[in-house]
Visitor: 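Once you've had a glance at the structure underneath, I'll fire off some questions.
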Amino acid sequence: MKKFFIQTFGCQMNVYDGQRIASMLTGRGMAQTHDISDADIIILNTCAVRAKATDKVFSALGRIRRAKKPDALFGIVGCVAREAGANAFKRIPELNFVLGPQSYHKLADILQDPDTKLLNIDLGGLEKFDEMPQMSQSPTVAYIPIQEGCNHCCTYCIVPYTRGREISRSFEDVVRDSLHAANTGAIEICFLGQNVNGYRYTDPSGKTYRLSDLIRAIAPLPEIKRIRFTSSYPTEMTDDLIDMFRTEPKLLPFLNMPIQSGSPDVLTRMNRPYELNLYIDIVDKLRVARPDIQISSDFIVGFPGETDGDFEQTLNIARQIKYINSYSFKYSPRPHTAAALMPNQIPENIKAARLAELDATLNEIQRNFNESCVGRTLECLCEGPDKTGRHLVYRTPYMQQCIVAANNDAPSLARIKITAANKASLRGEFSD
Ligand code: 5AD
Ligand code: SF4
């Protein structure tokens with residue numbers, strides 16, 4: 001039996017793509033291996049959002065070239081494939097395939113013909129969703145892409161280049177995938193998209209569906225107990241969607257809505273044209289709709305021209321909104337983006353100092369929130385055992401990690417009393 005090795009880098013969309021590829025290959029009679037030297041086909045499913053992520057892929061490829069069986073096929077799929085294109089073959093001449101995020105279904109073609117060099121980085125739209133077989137079993141948390149690509153064109157971001165302009169999948173396709181997930185083991189559905197709340201699909205009769213319609217359509221499924229979506233663009237948080245947090249109890253009280261910076265000047269240069277007050281108003285409306293809602297953000301520090309004053313405004317907004325579960329990054333110049341050509345690029349040491357300061361602030365807010373949960377009983381979803389096997393890892397409705405002593409009859413969805421907290425996680429025990 002032929003074996004495949006797949007390693008996924010980057011965002012949830014890539015995790016989903018990796019699951020689809022693995023399921024397609026197992027469906028064709030191959031077995032998954034975690035040992036590169038034993039694999040007949042080796043796939044790196046890649047992320048290009050920061051230079052470090054791309055560098056990681058090429059150093060991994062160098063290692064694979066030496067470790068693989070001589071006749072094993074190897075290649076890259078995903079955003080680095082689209083970013084590097086034919087250059088990838090120049091850097092690593094032995095590569096067999098370079099397939100962009102919307103053409104990885106073409107992988108099937110080379111399984112028959114090991115001598116082909118396959119380059120396809122077209123933005124083929126939604127074809128891959130139709131051409132890949134359904135997964136036979138859904139994970140407990142089913143990630144379901146509803147749209148792909150982004151029309152926002154933030155000046156730092158390579159995604160509009162790698163994943164293209166926004167395309168929304170049809171309402172029926174998303175509902176069909178959700179039903180399939182519910183029937184094959186899913187308890188939580190997470191709708192995915194680079195700009196998930198930009199979802200907009202008009203059917204042949206002219207009726208337009210938004211994300212709120214999708215949530216309303218799948219909420220009655222009895223197997224599905226929790227619903228969430230990621231990642232949202234602030235100005236597309238329309239009232240119909242905000243209202244879902246009031247009316248739909250299965251929608252988790254947690255929203256990832258990246259602000260990126262707290263400085264109006266930096267936001268303008270990032271081409272994120274919203275007023276801070278508008279962002280704050282949206283958060284206020286969300287809190288009226290769902291008083292216990294928590295918000296998370298992504299931040300970029302050291303964007304070209306960012307002053308100490310600009311950075312101070314980022315710290316202030318982080319404290320004001322009290323973000324939880326957030327990510328912060330040093331600005332990384334990317335090809336095909338406008339910001340890479342802007343003047344006043346920030347030196348690495350300043351970026352590093354700002355990142356450390358922002359992380360310290362975010363960690364403190366997270367610790368305070370985690371501590372405020374001690375004594376509460378929360379309904380949590382099991383992710384599986386930890387590395388030692390002595391504990392189970394659960395996720396709270398706010399996506400915090402909660403560690404519980406392992407127990408053979410632990411339910412997937414359990415009421416857990418939170419007994420302790422630190423900045424990274426919670427501890428808890430099963431409650432009645
Ligand atoms: N440099 C640093 N961080 C970036 N992101 C996107 N592009 C860049 C870049 N060039 C971050 C943003 C985005 C997250 C997925 O990655 O914060 O929300
Ligand atoms: Fe990139 Fe901005 Fe689109 Fe997010 S909204 S994917 S950061 S261009």
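These figures come from a predicted structure and were not determined experimentally. When a ligand or atom number is given, it counts from 1 through the structure's own listing order.
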Visitor: Given Cys157, Ala51, Ala340, Ser332, identify the one with the heavy atom nearest to atom 9 (C) of ligand 1.
Guide: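 Considering heavy atoms of Cys157, Ala51, Ala340, Ser332, the nearest to atom 9 (C) of ligand 1 sits in Ser332.
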Visitor: Among all protein heavy atoms, pick out the one at the shortest distance from atom 7 (N) of ligand 1; state its residue, atom name and that distance to 0.1 Å.
Guide: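 It is Tyr156 CD1, 3.3 Å.
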Visitor: For ligand 1, which atoms sit closer than 4.0 Å to a heavy atom of Arg50?
Guide: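 Selected atoms, number and element: 1 (N), 2 (C), 3 (N), 4 (C), 5 (N), 11 (C), 16 (O).
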Visitor: If the cut-off is 4.0 Å to any non-hydrogen atom of Cys153, which atoms of ligand 2 fall inside it?
Guide: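 So the atoms of ligand 2 that pass are 8 (S).
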Visitor: Should the proximity of Val49 to ligand 1, defined as any heavy atom under 4.0 Å, be assigned to the side chain, the backbone, both, or neither?
Guide: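 Answer for Val49: both.
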Visitor: What residue and atom, counting heavy atoms only, is the protein's closest point to atom 7 (S) of ligand 2, and at what distance?
Guide: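 For this ligand atom, the closest protein heavy atom is Tyr156 OH, 3.2 Å.
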Visitor: What residue and atom, counting heavy atoms only, is the protein's closest point to atom 12 (C) of ligand 1, and at what distance?
Guide: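 Among all protein heavy atoms, the one nearest atom 12 (C) of ligand 1 is Gln260 OE1, 3.4 Å.
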Visitor: Between OH of Tyr199 and CD1 of Ile215, what distance do you get to the nearest 0.5 Å?
Guide: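 Here the interatomic distance stands at 11.5 Å.
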Visitor: Could an N or O of ligand 1 be found under 3.5 Å from any N or O of Asp298, whether backbone or side chain?
Guide: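 Yes.
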Visitor: Enumerate the atoms of ligand 2 whose separation from the nearest heavy atom of Val159 is less than 4.0 angstrom.
Guide: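 Under 4.0 Å from Val159, ligand 2 has these atoms: 6 (S).
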Visitor: Could you find the nearest protein heavy atom to atom 3 (Fe) of ligand 2 and give me its residue, atom name and distance?
Guide: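 Among all protein heavy atoms, the one nearest atom 3 (Fe) of ligand 2 is Cys150 SG, 2.2 Å.
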Visitor: Geometry only, no angles: is Tyr331 polar-contacting ligand 1 at N/O separations under 3.5 Å?
Guide: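 Not met; the criterion fails.
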Visitor: If you count every heavy atom of other residues, nucleotides or ligands that lies below 6.0 Å from Lys56 atom NZ, does the total exceed 12?
Guide: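 Atom NZ in Lys56 is not crowded, with 12 or fewer foreign heavy atoms closer than 6.0 Å.
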Visitor: Out of all atoms in ligand 1, which are within 4.0 Å of some heavy atom of Arg334? Include the element for each.
Guide: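 Near Arg334, meaning under 4.0 Å from one of its heavy atoms, ligand 1 has 10 (N).
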Visitor: Below 30° counts as parallel, above 60° as perpendicular, anything between as tilted: where do the rings of Phe303 and Tyr331 land?
Guide: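 Aromatic pair Phe303/Tyr331 classed perpendicular.
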Visitor: Ring of Tyr209, cation from Lys207 - is the NZ or CZ under 6.0 Å from the centre and inside 45° of the axis?
Guide: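 The answer is yes, since Lys207 meets both limits relative to Tyr209.
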Visitor: Regarding Asp265 and Thr268, do their side chains bring together a donor and an acceptor under 3.5 Å, going by distance alone?
Guide: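 There is no such pair between these side chains.
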Visitor: Give the numbers and elements of all ligand 2 atoms closer than 4.0 Å to a heavy atom of Pro160.
Guide: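 Counting from 1, the qualifying ligand atoms are 8 (S).
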Visitor: Heavy-atom contact under 4.0 Å between Arg272 and ligand 2?
Guide: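 Contact present.
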Visitor: Test the Arg169-Tyr201 pair against the cation-pi criterion, namely NZ or CZ under 6.0 angstrom from the six-membered ring centroid and within 45° of the ring axis.
Guide: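 That pair does not qualify as a cation-pi contact.
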Visitor: Identify the closest protein heavy atom to atom 2 (Fe) of ligand 2: which residue and atom is it, and at what distance?
Guide: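 Residue, atom and distance for the closest contact: Cys154 SG, 2.4 Å.
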Visitor: Does this structure show an ion pair linking Arg226 with Glu379, if we count only N-O contacts that are shorter than 4.0 Å?
Guide: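 No salt bridge links Arg226 with Glu379.
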Visitor: Tell me, which protein residue and heavy-atom name are nearest atom 1 (Fe) of ligand 2, and how many Å apart are they?
Guide: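 Atom 1 (Fe) of ligand 2 sits closest to the protein heavy atom Cys157 SG, 2.3 Å.
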Visitor: Look up atom CD in Gln32 and atom CD1 in Ile6, then write down how far apart they are to the nearest 0.5 Å.
Guide: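 Output value for this atom pair is 7.0 Å.
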Visitor: Should the proximity of Phe329 to ligand 1, defined as any heavy atom under 4.0 Å, be assigned to the side chain, the backbone, both, or neither?
Guide: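 Only the side chain of Phe329 comes within reach of ligand 1.
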Visitor: Thinking salt bridges, do Asp213 and Arg210 make one under a 4.0 Å N-O criterion?
Guide: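 Judged by the 4.0 Å cut-off on N to carboxylate O distance, Asp213 and Arg210 do not form a salt bridge.
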Visitor: Show which atoms of ligand 1 fall inside a sub-4.0 Å distance from at least one heavy-atom site of Lys330.
Guide: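 What qualifies from ligand 1 is 1 (N), 2 (C).
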Visitor: Is the closest basic N to carboxylate O distance between Lys285 and Asp239 below 4.0 Å?
Guide: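 Here Lys285 pairs with Asp239 in a salt bridge, since their nearest N and O are under 4.0 Å apart.
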Visitor: Return yes if some donor-acceptor pair links the side-chain N/O of Asn344 with the main-chain N/O of Glu306 below 3.5 Å, else return no.
Guide: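 Side chain of Asn344 to backbone of Glu306: no pair is present.
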